[in-house]
Structure formats: structure tokens, C-alpha cells
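None of these values were measured; they are calculated from a predicted model.
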Amino acid sequence: MRASQFFISTLKEAPADADITSQKLMLRAGMIRKLAAGIYNYMPMGLRTIRKIEAIIREEMNAAGAIECLMPVVQPAELWQETGRWQKYGAELMRVKDRHGRDFIFQPTSEEAITDIARGEIKSYRQLPVNFYHIQTKFRDERRPRFGVMRGREFTMKDAYSFDRDEASAGVSYDKMFVAYHKIFNRLGLTFRAVKADTGAIGGSRSHEFQVIADTGEDAIAYCPTSDYAANIELAEALSLNASRASPVLEFGKTPTPGKEKCEDVAALLNLPLSRTVKSIVLAVDKADDKGNPLPADIWLLLIRGDHELNEIKASKIAGLGKDFRFANESEIIEHFGCMPGYLGPIGLKKPVKIVADRTVATMSDFVSGANEEGFHFTGMNWARDLPEPDFIADIRNVVPGDPAPDGNGVLAIQRGIEVGHVFYLGTVYSKPMNATFLGENGKPQLLEMGCYGIGVTRLLGAAIEQNHDDKGIIWPDAMAPFTVAIAPMGYDRSEMVKTAVDTLYSDLKLAGVDVLLDDRGERPGVMLAELELIGIPHRVVIGERGLKDGKVEYQHRRDAAAAVVDVSEIAAFVKAKLVAFK
RNA sequence: CGGGGCGUAGCGCAGCCCGGUAGCGCGCCUGGUUUGGGACCAGGAUGUCGUAGGUUCGAAUCCUAUCGCCCCGACCA
């Protein structure tokens with residue numbers, strides 16, 4: 001492609017409403033333009049990258065036996081009412097009425113539509129297994145769109161849905177996708193990690209997220225460098241840090257701690273490590289009588305070691321506490337503890353509360369906790385001796401670096417990631433309400449076993465940039481780059497020597513099928529080079545009279561600190577040898 | 001949805017407090033000189049100051065409403 005025949009539109013300064021690096025760079029490089037909050041135009045440069053990502057996804061999905069189809073963006077409400085998601089999905093589901101007043105939605109995902117296809121078309125076990133996918137525009141009316149294309153409202157997603165005769169077969173389908181996803185993200189040239197993920201309301205055990213590693217990621221990943229354990233921190237299991245509970249050594253006592261409301265302050269005052277303190281977190285679960293009138297909320301006390309953090313997802317899995325807990329308000333706390341937050345603890349309650357101790361807390365001895373009296377903490381507290389054993393012992397904290405790995409093969413480390421893919425075993429969650437059945441070998445109808453598999457195509461652009469950029473701009477992996485090679489002529493229109501060398505290389509690379517951009521716009525060198533770097537084309541050849549006099553041109557990878565001088569006669573072969581596609 | 005902030009030229013911003021001819025940098029257009037790291041000189045174009053009301057002789061500026069956008073949080077997965 002000649003740049004003069006293409007559309008390059010860069011910005012020296014990023015628009016003020018861009019917040020993160022990838023969004024700023026995509027705007028500056030002219031890949032996207034914002035149309036509304038969370039809604040973007042994809043400019044020619046950006047679309048080239050999207051198409052490259054899609055092509056790789058298609059190839060690998062097809063290779064894994066999935067079959068492409070295309071479901072509409074606008075779907076009738078009835079399907080969503082069948083599964084109950086018309087209500088459950090909430091305001092994030094974009095609803096629209098047609099001219100007759102009939103309800104439709106903009107698809108945020110396509111389980112309903114594909115299940116409707118499946119129940120109509122799949123009649124026999126002989127048609128199974130089958131996996132359909134499409135690459136289609138999604139719309140989720142996010143409360144707060146942000147991070148550019150990484151959390152937009154409109155985005156492109158590849159979503160695949162597998163149908164199987166039984167759970168064992170569904171597991172095979174799942175594993176195929178798991179492998180295909182590794183191939184896709186490897187081919188895209190990204191550093192990523194497949195991590196165990198929370199299965200949320202759907203339940204079940206099979207769910208993995210594919211996280212692109214980047215410090216700016218929204219998700220925290222716990223992994224074990226010496227084994228293959230990796231999980232989203234929401235899910236990563238925290239073992240007790242004490243092998244067993246040590247025998248009490250200290251006397252139980254009350255210590256004045258005026259003004260020391262945080263564990264850190266109390267530990268400092270008492271000259272104890274933070275790991276000897278226990279913090280109290282008070283949660284409430286609202287109750288109502290048969291008529292829906294509110295009753296006093298159930299109050300729960302969660303105990304976490306002073307240097308740990310509550311994991312709300314884990315807490316929500318405690319029987320009785322459930323998903324609908326909230327933090328208790330001040331009056332509830334005073335009513336049950338007789339004290340304001342800051343000095344709360346499990347001893348000396350005014351009213352009974354349910355006490356949950358984190359696994360580590362349950363094995364602590366001689367610990368420090370609030371005395372339920374302003375300005376005082378208890379020290380030398382011991383389970384059984386000074387207070388009853390906790391009602392519940394559970395894993396309710398986030399793992400921290402250095403924790404033992406749950407698989408017993410080392411210690412955990414934590415890094416941040418951007419979720420770009422998710423594979424999920426669904427079971428019959430959708431086939432059941434929609435009555436999607438097939439006839440089994442026994443001639444009887446059975447529910448289809450399903451799995452779903454998503455890849456955020458447009459989010460991948462942002463994730464790749466978050467992972468691969470420097471202060472000059474984007475550094476695309478070869479497979480995603482809008483152009484793989486840039487030729488930067490110094491004086492294309494002024495020097496016959498330059499023009500000849502440039503044109504020769506350009507046609508040679510084009511003939512070889514390389515995606516090459518010839519910058520023939522006549523920009524000054526500084527502008528041209530700065531823009532090519534901003535756009536992030538990974539390979540660049542600079543050709544000017546200065547070098548050609550000695551028969552030399554320059555090659556530089558976007559990550560190289562300096563250019564390599566290459567014989568003009570060898571440059572085409574030299575470049576091809578550098579390309580991932582030719583390796 | 002709660003809290004905070006911002007809407008002035010394509011982009012980045014000043015002007016607003018204290019009402020009186022709408023500005024700066026970049027970009028853009030024309031001509032010239034330049035051409036190996038975001039050139040220089042000369043000339044030029046571009047705004048219903050987000051929108052609608054109100055106050056006033058007079059509103060970008062003060063008041064009210066409204067829309068849009070951004071940030072933090074909550075929510076969602």
C-alpha cells in the first residue's frame with residue numbers, strides 16, 4: 001500500500017477525555033475516533049488490525065472444528081424472556097421497540113439466539129457434537145464505559161457455542177477450545193496466561209479466562225511460577241498460613257489503644273507485626289417477611305488477618321451470607337457491637353452475630369482484636385480459651401504474594417491482566433429453559449449440553465497496546481500490525497536513486513505477500529518517522545541517498561535501539577528473514 | 001446510581017471570579033525557501049463560546065434548567 005493512496009490521520013496531542021495509554025495511542029495513531037461514550041469509529045488503520053485478528057481467529061476456530069455462522073445484532077425480546085435474562089440482565093441490556101411497539105434487544109451475547117437455532121435444527125445425537133461461532137457486534141450499555149475500546153459499549157466479539165450429547169463430550173469440546181485459544185493468542189504474539197475463573201451464578205467448575213499480561217489490567221492473577229497453577233484472584237484459593245494452631249502463650253488482656261482504629265496503627269502502638277492482628281468486617285443481609293416487609297437484617301462478622309483483604313466473591317459463597325450481602329451501617333454496628341467501627345471484635349457482643357473466621361485467623365494464637373469499647377483492644381486472644389470457636393471457618397481473603405500455592409508446588413505471585421477471552425462450560429443452563437433437546441440413542445429427548453467461548457476482538461487491540469508500547473507509540477506484534485513493514489524514503493520525489501531502490505524493494509515485498517506500507521506522502525523525515533513509530537509498524541526500512549551512495553540502506557525493528565546497515569541488494573531477503581510470517 | 005469535574009476553532013488550552021469588539025499554540029489553506037527526526041518566512045480560513053430559558057442597555061462571563069463528556073466509587077462479569 002502506498003501511503004498516498006491510504007488514509008493516515010495522526011494527532012500530536014491526544015484528546016483530553018482519553019484516559020489510558022492504549023486509548024490515547026489509538027486516537028493519536030488515527031486507528032479510532034470517538035463517536036459517543038464507549039462507541040468508536042474504526043478508522044482504516046484500526047480496521048486493518050481488526051481484520052488481521054479476525055482472520056487468525058477464524059483460521060484457528062475452523063481448524064478446531066467450529067463452524068461460522070452469523071446471528072443478528074437486533075434480536076426479539078421473546079427469546080430473552082424465555083431464559084429470564086430479559087429481567088436478569090438489567091439496564092446493561094439495550095432494549096428498543098420497533099414501529100409496532102414490539103420489544104427487541106441489541107445482543108450483548110448470543111446464547112438465546114444460538115440455542116434457538118440448536119433446538120430447531122439439531123434433532124439427533126448423530127448431529128453432535130457441533131460448535132457454532134460468529135464474529136459480530138455486541139452492545140452492552142455499561143454504566144461507566146471507560147478505557148477506550150477495552151470497556152466500550154459497542155464492541156466486536158467472537159462468540160462460540162458448543163453443543164454436546166453429554167457432559168463428558170462437552171468436556172472434550174471445552175478442551176478443544178482451550179487449546180485453540182492458546183494457538184490464537186500465541187499467533188497474535190501476545191504474552192498471556194489462561195487462569196481459572198469464577199463461574200458466577202452459572203456454577204460448575206469449568207471456566208478459564210485468557211488474560212493478556214499488562215500492569216494496567218483490571219484483573220489480578222495469582223499464579224505459581226514453579227507450577228502451572230494460575231487463577232483469577234477472585235477464585236485463587238488461600239490456604240491457612242499456619243500448619244496448626246499454636247498453644248496460647250500470652251495472658252488475655254485489654255489494652256488501651258486510643259485513636260488507633262486501623263490494624264496498622266494498633267500493631268505499631270503495641271510493637272507487634274501486623275500479622276498478629278485480626279480485623280473485623282461487619283456485613284448485613286437484608287430480610288423480609290412473607291409480605292415483603294423488611295425485617296432486621298442478619299449481621300455477620302468476618303474476621304481477617306490484619307494484613308489481609310476480604311474477597312467478596314468468596315464471602316458470597318458462604319451458605320446463608322450469599323450474594324446479596326452489603327456492608328452493615330453504623331446503627332446496625334452499634335446495636336450489635338455497642339461500639340463504633342475501629343474497635344470491633346468477636347468478644348463482648350451486645351447481640352449475637354454469625355462469626356466467620358478466615359482459615360488463617362482460625363489457626364492464629366495470641367492475637368489482637370478490637371474490644372468493642374472505644375479506645376481499647378484485646379491482646380493475647382485465643383480461640384477456645386477466650387472465645388468460642390468460630391461459627392464458620394472459610395477461605396474469605398485474597399491471596400497475597402508468597403502464599404503457598406493451592407497445588408502444593410511452590411508459592412504464589414501476583415500480576416495484572418486484561419481479560420481477552422473466556423471459555424465456559426454452561427451445561428443445560430440455556431437448553432433447559434428453552435427446551436433445546438435432541439433424540440438420544442435410546443430414542444428419548446435429552447437436553448443439549450452447552451459451552452460458550454468468547455474473545456473480545458476489539459478489546460484485543462487495547463490489550464495488545466497496553467502490553468506493547470513505548471514513549472514513541474505503539475509496537476504491534478507482526479500478526480496484528482496494520483502494516484508489517486514500512487518503507488521510509490528520504491527524498492522519494494527528489495532522488496531518482498532513492499526512488500529506484502524504494503520501488504524495487506516495495507514491489508519485491510509486495511510480491512512476496514508482505515503487508516508493506518510505502519510512505520510516499522512527501523512528509524519531512526522527522527514527521528514521517530515519528531508517525532510511523534506512533535502507528536507502530538514493527539519493521540522499518542529507511543532508504544536515502546546518504547546510504548545509497550555506498551550501496552547501503554537501514555533496517556530497524558520498532559524495538560531496536562539503533563538501525564542495522566544492510567546492502568541494498570540484500571535488503572529484501574533481510575527483511576523477509578525478520579518477519580514472523582517467514583519464519 | 002452516589003460524589004466530583006469539564007463543555008470556547010479539527011486537537012490542546014486561556015478568557016469566566018470582577019459582564020463591554022473571542023484569543024494563544026498545534027493543525028489546516030496559498031506562495032516561497034527547505035528536506036536523515038514532528039522546518040522556516042509571508043499571507044489566509046475556521047467559532048451559533050454544548051443547548052434552552054432568564055437577569056441586564058449589553059452575557060462565553062451572572063442565574064435556572066437541560067444535554068453531553070470525563071474522573072472516583074458502587075454495580076456488572
Once hydrogens and angles are ignored, does a donor-acceptor distance under 3.5 Å link the base of [N] to the side chain of [X]?
X         : N       : answer
Glu531(A) : rG38(B) : yes
Glu533(A) : rG37(B) : yes
Arg28(A)  : rG38(B) : yes

Take atom [atom1] of [X] and atom [atom2] of [N], then tell me their distance rounded to the nearest Å.
X         : N       : atom1 : atom2 : result
Arg153(A) : rG68(B) : CZ    : C1'   : 11 Å
Arg143(A) : rC70(B) : CZ    : C1'   : 18 Å
Ile535(A) : rG38(B) : CD1   : P     : 17 Å
Asn329(A) : rG2(B)  : CG    : C1'   : 16 Å
Glu523(A) : rC28(B) : CD    : C1'   : 13 Å
Phe155(A) : rC76(B) : CZ    : P     : 17 Å
Ile418(A) : rA77(B) : CD1   : P     : 21 Å
Lys317(A) : rA77(B) : NZ    : P     : 12 Å

Test side-chain contact (heavy atoms from CB on, under 4.5 Å), reference Met1(A), set Val516(A), Leu517(A), Leu518(A), output is Leu517(A)

Between [N] and [M], how many Å separate the two [atom1] atoms, rounded to a whole number?
N       : M       : atom1 : value
rU51(B) : rC69(B) : C1'   : 14 Å
rC11(B) : rG27(B) : C1'   : 7 Å
rU46(B) : rA9(B)  : C1'   : 6 Å
rU21(B) : rU66(B) : P     : 32 Å
rG23(B) : rU48(B) : P     : 15 Å
rC72(B) : rG15(B) : P     : 25 Å
rG3(B)  : rA77(B) : C1'   : 25 Å
rU61(B) : rG7(B)  : C1'   : 14 Å

With a 3.5 Å cut-off and no angle check, do the side chains of [X] and [Y] form a donor-acceptor pair?
X         : Y         : answer
Glu419(A) : His422(A) : yes
Arg558(A) : Asn468(A) : no
His308(A) : Asp358(A) : no

Let's see if you can work this out: which of [options] has an atom nearest to the side-chain heavy atoms of [X]?
X         : options                   : value
Lys12(A)  : rG37(B), rC26(B), rC75(B) : rC26(B)
Glu92(A)  : rG37(B), rC76(B), rC70(B) : rC76(B)
Arg151(A) : rC70(B), rC76(B), rC72(B) : rC76(B)
Arg524(A) : rU34(B), rC72(B), rG38(B) : rU34(B)

Could you check which nucleotide pairs with [N] in any of the strands shown, counting Watson-Crick or G-U wobble with both distances under 3.5 Å?
N       : result
rA42(B) : rU30(B)
rU55(B) : none
rC1(B)  : rG73(B)
rG68(B) : rC6(B)
rC13(B) : rG23(B)

Output all residues satisfying side chain to side chain donor-acceptor pair (under 3.5 Å) with [X], sequence neighbours left out; order by chain, then residue number.
X         : answer
Arg151(A) : Glu142(A), Glu218(A)
Glu13(A)  : none
Glu570(A) : none
Ser4(A)   : Asp520(A)

Looking at every strand, decide which applies to [X] at a 4.0 Å heavy-atom threshold: base, sugar-phosphate, or nothing.
X         : answer
Gly491(A) : nothing
Arg494(A) : base
Gly547(A) : base
Glu142(A) : nothing
Glu234(A) : base
Arg521(A) : nothing

For the pair Tyr430(A) and Arg85(A), evaluate side-chain contact (heavy atoms from CB on, under 4.5 Å) and give the outcome as yes or no after the intermediate values.
-> CA-CA 10 Å; Tyr430(A) 292 93; Arg85(A) 288 213 291 180; 3.1 Å; yes

Can Arg416(A) and Asp219(A) be counted as an ion pair, charged N to O under 4.0 angstrom?
-> no

Are the charged groups of Lys287(A) and Asp298(A) less than 4.0 angstrom apart, N to O?
-> yes

For rC71(B), does either OP1 or OP2 sit under 4.0 Å from a side-chain N or O belonging to Arg144(A)?
-> yes

Residues within residues 210-223 of chain A bordering RNA chain B, heavy-atom distance below 4.0 Å | none

Scan nucleotides 7-15 of chain B nucleotide by nucleotide, 5' to 3', and note B when protein non-hydrogen atoms come under 4.0 Å of the base, S if they reach only the sugar-phosphate, - if neither.
-> ----SSS--

Kindly indicate whether a cation-pi arrangement holds for Arg48(A) with Phe483(A), taking the cut-offs as under 6.0 Å to the six-membered ring centre and within 45° of the axis.
-> yes

In terms of the nearest nucleotide of RNA chain B, which residue is placed more toward the 5' end: Glu419(A) or Met490(A)?
-> Met490(A)

On the 0 to 90° scale, with breaks at 30° and 60°, tag the Phe192(A)-Phe185(A) ring pair as parallel, tilted or perpendicular.
-> tilted

